[in-house]
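I have a structure I would like to understand better, so I am pasting it below and will then ask my questions one at a time.
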Amino acid sequence: IDLKLWAEMTNELVVERDKVEQELLAMLPGGDAGQYSMFGGFQSSLNINSQPQMLEALGKMGIVLPDLAEKTLSGYQKPVIKKLLAYKGLEKAITSFGEALPKLVHKMTGRIHPEFQQLGADTGRFSCRNPNVQQIPGTLEFGEGENKKKIILRDAFVARPGYKLITSDYSGCE
């Protein structure tokens, strides 16, 4: 993995997540209440990563939800829900991939060494763990309209000199 490129991609995601977070807070009742930190940035008294606080804030807007699961939220077309889904997607990409993957690079080889199980899935396909590189999306799209951006995560995965990486789509094999 090209750690420099990976860090640049992750930083771009963090900048976008922080922007979406501020936009979301501005849409929510009480989201603009808080204080500025002496270390920079605004600290809202509303924690958008807290399900109880978000359910309460959305309830004040007349949006009563049982939970904040993506399946539940995807049924709503309200701008605040779309913004929340955008935030959650960026946050997941940052924490699950952006920040986590560099920690899994082997100190001696400088590479990631996932474990593949030939009979690991009930479907007969390979499965993967430590890390599950099969779940890393090839690309991430974020932003809206003319500000829409695309990051190609696969560009950060590189073969050592003289070798090539080959990808395949298992659905085509069936």
Side-chain angles (χ1 to χ4, degrees), residues 6 9-34 43-104 112 114-117 119-154 156-157 167-174:
W6 193 260
M9 290 179 191
T10 301
N11 187 55
E12 194 171 344
L13 291 171
V14 168
V15 167
E16 183 67 18
R17 184 230 20 224
D18 292 349
K19 181 180 137 221
V20 169
E21 178 181 21
Q22 293 307 310
E23 292 169 354
L24 179 58
L25 286 169
M27 299 169 94
L28 294 165
D32 56 355
Q43 290 291 100
S44 174
S45 58
L46 177 62
N47 179 358
I48 60 177
N49 292 313
S50 166
Q51 182 162 301
Q53 288 184 31
M54 283 300 295
L55 289 173
E56 181 181 345
L58 292 168
K60 289 178 181 175
M61 297 176 73
I63 305 170
V64 179
L65 301 168
D67 57 51
L68 296 178
E70 185 176 345
K71 186 176 181 178
T72 303
L73 296 174
S74 62
Y76 290 83
Q77 296 301 313
K78 297 192 178 287
V80 69
I81 299 296
K82 287 183 177 183
K83 192 64 70 175
L84 178 58
L85 282 168
Y87 172 82
K88 288 173 72 105
L90 289 162
E91 180 69 10
K92 180 175 173 54
I94 293 164
T95 58
S96 297
F97 311 122
E99 296 171 344
L101 211 56
K103 296 174 186 172
L104 300 171
I112 294 173
E115 298 172 22
F116 287 93
Q117 293 85 41
L119 302 173
D122 293 339
T123 59
R125 295 181 179 182
F126 278 84
S127 67
C128 184
R129 65 178 181 200
N130 297 326
N132 184 357
V133 293
Q134 291 177 316
Q135 83 176 43
I136 299 172
T139 60
L140 289 173
E141 291 186 23
F142 55 90
E144 302 173 273
E146 61 189 40
N147 294 327
K148 195 163 194 159
K149 295 180 185 177
K150 183 178 189 178
I151 292 179
I152 303 172
L153 296 175
R154 286 191 179 156
F157 292 89
T167 62
S168 63
D169 180 1
Y170 286 122
S171 65
C173 295
E174 296 170 359

With sequence neighbours excluded, tell me which residues meet salt bridge (Lys or Arg N to Asp or Glu O under 4.0 Å) with K149.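 K149 satisfies salt bridge (Lys or Arg N to Asp or Glu O under 4.0 Å) with no other residue.
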
Sequence neighbours excluded, which residues qualify as side-chain contact (heavy atoms from CB on, under 4.5 Å) partners of P137?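 If we apply the side-chain contact (heavy atoms from CB on, under 4.5 Å) test to P137, skipping adjacent residues, the hits are F97, L140, L153.
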
Looking at residues at least two apart in the chain, or sitting in another chain, which of them share a ring pair (Phe, Tyr, Trp, His ring centres under 6.0 Å) with F142?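 With neighbours one apart ignored, the set is empty.
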
Just jot down the side chain to side chain donor-acceptor pair (under 3.5 Å) partners of K83, sequence neighbours excluded, or say none.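 Partners of K83 under the side chain to side chain donor-acceptor pair (under 3.5 Å) test: E23, E144.
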
Quick one: side chains of residues 63-72, donor-acceptor pairs under 3.5 Å with protein atoms, not counting sequence neighbours, listed by atom name and distance.
residue : atom : partner : partner atom : Å
D67     : OD1  : A69     : N            : 3.0
D67     : OD1  : T72     : OG1          : 2.6

Residues which pass side chain to side chain donor-acceptor pair (under 3.5 Å) with E91, listed by chain and number, not counting sequence neighbours: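 Partners of E91 by the side chain to side chain donor-acceptor pair (under 3.5 Å) criterion, ordered by chain and then number, come out as R17.
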
Where do L58 and L28 land on the side chain to side chain contact (heavy atoms under 4.5 Å, CB included) test, with the steps shown first? CA-CA 7 Å; L58 292 168; L28 294 165; 3.9 Å; yes

So CG of L13 and CG of D18: to nearest 0.5 Å the spacing works out to 11.0 Å

Contacts of N130 that satisfy side chain to side chain donor-acceptor pair (under 3.5 Å) - sequence neighbours left out: E115

How close do P131 and P114 get, heavy atom to heavy atom, and via which atoms? O-CB, 3.3 Å

S127: side chain to side chain donor-acceptor pair (under 3.5 Å) partners, not counting sequence neighbours: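 Partners of S127 under the side chain to side chain donor-acceptor pair (under 3.5 Å) test: Q117.
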
Are L25 and Q22 packed together at the side-chain level, in the sense that at least one heavy-atom pair is separated by less than 4.5 angstrom?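 L25 vs Q22: side chains touch.
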
With sequence neighbours excluded, what pairs up with S96 under the side-chain contact (heavy atoms from CB on, under 4.5 Å) test? K92

Using side chain to side chain contact (heavy atoms under 4.5 Å, CB included), reason through L101 and T10 one step at a time and then give a plain yes or no. CA-CA 11 Å; L101 211 56; T10 301; over 6 Å; no

CD/E12 to CD1/I94 distance, rounded to the nearest 0.5 angstrom? 11.0 Å

Taking only residues two or more places apart in sequence, or in another chain, which ones meet K60 in a side-chain contact (heavy atoms from CB on, under 4.5 Å)?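 Only P29, E56 meet the side-chain contact (heavy atoms from CB on, under 4.5 Å) criterion with K60.
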
Taking only residues two or more places apart in sequence or in another chain, which ones pass salt bridge (Lys or Arg N to Asp or Glu O under 4.0 Å) with E21? none

Listed partners of E141 passing salt bridge (Lys or Arg N to Asp or Glu O under 4.0 Å), at least two apart: K148

Quick one: pull up CD1 in I136 and CD in Q134 and give me the separation to the nearest 0.5 Å. 10.0 Å

